[in-house]
There are 2 protein chains.
Amino acid sequence: MSENAREAILTAARSAAQLHGYSGINFRSIADEIGIKNASIYYHFSSKAALGAAVARRYWQDTSTLLAEIRAHNPDPWQRLRAFPSIFRKSLENANRLCLSSFMAAEYEDLPEEVLAEVRAFADVNVAWLTEALADAGWGSAQDRDRRARAIYTAVAGAQLIARSRTDLHLFDDLISSYQEAGLIPA
Amino acid sequence: MSENAREAILTAARSAAQLHGYSGINFRSIADEIGIKNASIYYHFSSKAALGAAVARRYWQDTSTLLAEIRAHNPDPWQRLRAFPSIFRKSLENANRLCLSSFMAAEYEDLPEEVLAEVRAFADVNVAWLTEALADAGWGSAQDRDRRARAIYTAVAGAQLIARSRTDLHLFDDLISSYQEAGLIPA
DNA sequence: ACCTGAACACCGTTCAAGT
DNA sequence: ACCTGAACACCGTTCAAGT
């Protein structure tokens with residue numbers, strides 16, 4: 001049960017964090033969910049900060065894997081750029097969940113530094129992936145690509161946030177289409 | 001002290017909410033700050049939900065006033081569109097505060113319905129103002145304008161969220177410039 | 001009309017104690 | 001090695017009580 005308990009805690013904490021944020025990670029609820037006592041969580045994670053950092057680290061690592069799969073399945077860089085928003089869409093499809101990193105960006109003032117570092121890593125992974133796709137597409141200069149990659153990531157994260165507040169997947173799709181029509185996301 | 005206490009509570013709660021969210025509105029801290037006891041807040045607001053709704057309502061009303069001033073000072077609709085992001089920039093300048101509505105959009109799952117209604121009103125006010133500016137500029141069809149207004153509002157809110165997580169005003173300016181260069185914000 | 005103290009169930013955290 | 005019970009200071013909320 002040792003490795004299993006640790007994994008079960010991580011899974012439950014991530015699910016809670018995408019719904020309620022870092023501040024909404026509740027040790028008693030998580031413990032109940034996986035059938036241990038809340039004090040037991042401290043055997044696996046030294047503090048809420050440590051648990052939060054572990055959740056955020058695992059989150060960007062999983063996202064990095066997903067992005068690598070999209071890259072592997074889509075040799076055409078333009079297709080990759082079109083596929084990028086699908087990761088954010090999947091969160092909304094999954095019980096209206098928000099990107100963990102967006103939630104934690106909002107909670108910036110209350111986050112321990114070790115958690116913040118992982119939040120920044122998530123953004124970096126996404127921006128690097130987009131930059132590479134733009135480069136493969138032969139789009140713009142190196143500096144232009146970095147700027148545009150940040151703009152795309154930011155706008156898509158914003159679309160997820162706003163669509164969530166209306167529980168409206170169609171609004172998300174519509175915002176992404178608008179970005180594409182406007183030329184923000186090259187197509 | 002009666003009207004003053006109510007106003008003082010609203011001001012302190014708004015400040016806290018832009019830094020820590022709805023869940024971070026703390027009755028004991030607010031009471032300390034304005035020199036009353038936490039139980040006294042319930043004389044002015046029947047619950048945390050009622051206080052949160054009052055804060056969010058006041059917030060979109062104040063924003064609506066600010067937007068009207070920008071409109072009054074900028075007869076040129078293109079100038080108005082360029083000025084729009086300045087409201088979100090001011091929040092960041094003010095101790096890295098986030099748009100209350102963005103924070104509450106993240107907290108969607110934990111918000112009482114009466115608070116959510118005010119969050120939606122904030123987005124509506126912003127989108128309506130942008131739609132009007134696009135119309136005055138003779139930009140697109142009525143349907144295009146509504147879609148584009150939503151996209152601009154969403155992307156700017158996203159830029160504020162991401163720039164906040166790096167405490168980086170320059171990043172905010174850079175993202176807005178990218179939006180303009182990409183043509184998302186007509187210039 | 002406006003405010004307070006004391007109590008409630010709830011949080012993260014600690015720690016000595018169990019197996 | 002892994003888990004627990006009991007305690008701590010903290011939260012939103014209630015309510016009877018003060019002026």
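Numbers restart at 1 for each chain; the letters A, B, ... are given by sequence-line order, proteins then strands. Note that the structure is a prediction, hence the values are computed from the model and not measured.
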Nearest whole angstrom, please: distance from the P of D/dC11 to the CG of B/Asn26.
-> 5 Å
Are A/Phe88 and A/Phe172 near enough that their ring centres are under 6.0 Å apart?
-> no
Are the side chains of B/Glu109 and A/Arg97 in touch, meaning some heavy atoms are under 4.5 Å apart?
-> no
Salt bridge (Lys or Arg N to Asp or Glu O under 4.0 Å) between B/Arg58 and B/Asp62, intermediate numbers included = CA-CA 6 Å; B/Arg58 178 68 63 86; B/Asp62 288 351; 5.1 Å; no
Is there a side-chain polar atom (N or O) of A/Asn38 under 4.0 Å from OP1 or OP2 of C/dC11?
-> no
Rounded distance (Å) that lies between atom C1' of C/dC3 and atom CZ of B/Phe45 | 15 Å
Is it true that B/Arg166 and A/Asp124 have a side-chain N and a carboxylate O under 4.0 angstrom from each other?
-> yes
Would you tell me if any nitrogen or oxygen in the side chain of B/Ser40 comes within less than 4.0 Å of OP1 or OP2 on C/dC2?
-> no
Grab the CZ-P distance between B/Phe27 and C/dA6 for me, whole Å please.
-> 21 Å
Could you tell me whether B/Ile30 contacts a base, only the sugar-phosphate backbone, or nothing, with contacts defined as non-hydrogen atoms closer than 4.0 Å?
-> nothing
Where the side chain of B/Ala39 is concerned, which of D/dC15, C/dC3, C/dT13 is the nearest nucleotide?
-> D/dC15
Determine, using ring centers only, whether A/Trp129 and A/Phe84 are less than 6.0 Å apart.
-> yes
Tell me: CG of A/Asp110 to P of C/dC11, nearest whole Å?
-> 18 Å
In whole Å, what is the span from the CG atom of A/Asn4 to the P atom of D/dC3?
-> 10 Å
Nearest-neighbour nucleotide for the B/His44 side chain, C/dC3, D/dC11, D/dT14 considered | C/dC3
Heavy atoms of B/Trp78 and B/Pro186 approach each other most closely as CZ3-CB, 3.5 Å
Atom NZ of A/Lys37 to atom C1' of C/dA16: distance rounded to whole Å?
-> 18 Å
Treating Ile, Leu, Val, Met, Phe, Trp and Tyr as nodes and any side-chain heavy-atom pair under 4.5 angstrom as an edge, say whether A/Tyr108 and B/Leu98 lie in one connected cluster.
-> no
Nearest listed nucleotide, side chain of B/Tyr43, among D/dC3, D/dT13, C/dC2 = C/dC2
Considering only heavy side-chain atoms of A/Arg28, the closest of D/dC3, C/dC3, C/dG12 is C/dG12
Roughly how many Å is it from OH in B/Tyr42 to P in C/dG5, rounded to a whole number?
-> 16 Å
Report the distance from atom CD1 of B/Ile34 to atom C1' of C/dC3, rounded to the nearest whole Å.
-> 12 Å
Parsed dot-bracket for DNA chain D after applying the Watson-Crick and G-U rules with both distances under 3.5 Å and | for other-strand partners is ||.|||||...|||||.||
